[in-house]
Amino acid sequence: AQSVTQLDSQVPVFEEAPVELRCNYSSSVSVYLFWYVQYPNQGLQLLLKYLSGSTLVESINGFEAEFNKSQTSFHLRKPSVHISDTAEYFCAVSSGYSTLTFGKGTMLLVSP
Amino acid sequence: EAGVAQSPRYKIIEKRQSVAFWCNPISGHATLYWYQQILGQGPKLLIQFQNNGVVDDSQLPKDRFSAERLKGVDSTLKIQPAKLEDSAVYLCASSSQETQYFGPGTRLLVL
């Protein structure tokens, strides 16, 4: 069985500050890792993913995440956030073509 | 490329009524998923189809929930009869490989 833990339910930050959203997973097999973002009243949008290769993956809007196998983590970071980054962020894990297991989500609240 | 389409976007019903949701996946995606997302939680898988066959429905409450994908393309999820605790967002997703792409969801409120 696999599981995902997002320790922070809410992360408030000021605009232009750096942010880290934490994600830890457990799985007995090799995993694929994903971050999805959900804006209010919308579905989930894929932000970035780790499948294999380089452990550092980046999104087009400045987010990055690093796969750390020894710490079973896939934390999401951004060096400078914008108001428009306010949303809920979900970390998810799968093993190959199996179903996704999601964390409970972290609400990122960016204020001016 | 068109994304995953879902309808309706919102639905309000009374308990014990029935309701149906529709999903049209991304063209060419063989795998289709239905998730339930209760407020404040991450999505939980209800059922997974591979073409028109069920791969995983272990978390589907089969006494009241049913789903079909008859022609291996679009899919319908039905709840009959609905309970108060079914109030949630129902998300449809599709994939061709390891990455799932989600629709906008249907927000269901059961009164």
- prompt: Which bit of B:Ser95 is near chain A, if near means a heavy-atom gap under 4.5 Å: side chain, backbone, both or neither?
  reply: neither
statement: Filtered by a 4.5 Å non-hydrogen cutoff, the part of residues 38-48 of chain A contacting chain B is A:Gln38, A:Asn41, A:Gln42, A:Gly43, A:Leu44, A:Leu46
field: A:Tyr36 vs B:Gln100 side-chain heavy atoms within contact, under 4.5 Å
entry: yes
Side-chain touch A:Phe90/B:Pro43, heavy atoms, less than 4.5 angstrom: yes
message: Same cluster or not: B:Leu46 versus B:Val4, using hydrophobic residues (I, L, V, M, F, W, Y) connected whenever any side-chain heavy atoms lie under 4.5 Å apart?
response: no
task: Inspect the surroundings of NZ in B:Lys62 and state if more than 12 heavy atoms from other residues, nucleotides or ligands are less than 6.0 Å away.
output: yes
query: Can you tell me how far the OG1 atom of B:Thr99 sits from the CG atom of A:Leu51, to the nearest 0.5 Å?
result: 5.5 Å
field: Contacting region of B:Gln6 [heavy-atom separation from chain A under 4.5 Å]
entry: neither
message: Once rounded to the nearest 0.5 Å, what's the spacing between atom CD of B:Glu98 and atom OG of A:Ser52?
response: 9.0 Å
message: For B:Leu84, I'd like to know if atom CG has over 12 heavy atoms of other residues, nucleotides or ligands within 6.0 Å.
response: yes
task: Treat each ILVMFWY residue as a node, draw an edge where side-chain heavy atoms are under 4.5 Å apart, and state whether B:Leu60 and B:Val54 are in one component.
output: yes
- prompt: How would you list, in number order, the residues of residues 70-85 of chain A that have a heavy atom less than 4.5 Å from chain B?
  reply: none
query: Under a single-linkage definition using a 4.5 Å side-chain heavy-atom cutoff for Ile, Leu, Val, Met, Phe, Trp and Tyr, are A:Tyr32 and A:Phe102 assigned to the same hydrophobic cluster?
result: yes
field: Within 6.0 angstrom of A:Glu20 CD, more than 12 heavy atoms from elsewhere
entry: yes
query: So if you build clusters from Ile, Leu, Val, Met, Phe, Trp, Tyr with side-chain heavy-atom gaps below 4.5 Å, do A:Val4 and A:Phe63 land together?
result: yes
- prompt: Are side-chain heavy atoms of A:Leu100 and B:Tyr33 found at a separation under 4.5 Å?
  reply: no
- prompt: Do other residues, nucleotides or ligands put more than 12 heavy atoms under 6.0 Å from the CG atom of B:Leu111?
  reply: yes
field: Path from A:Tyr50 to A:Val37 over hydrophobic side-chain contacts below 4.5 Å
entry: yes
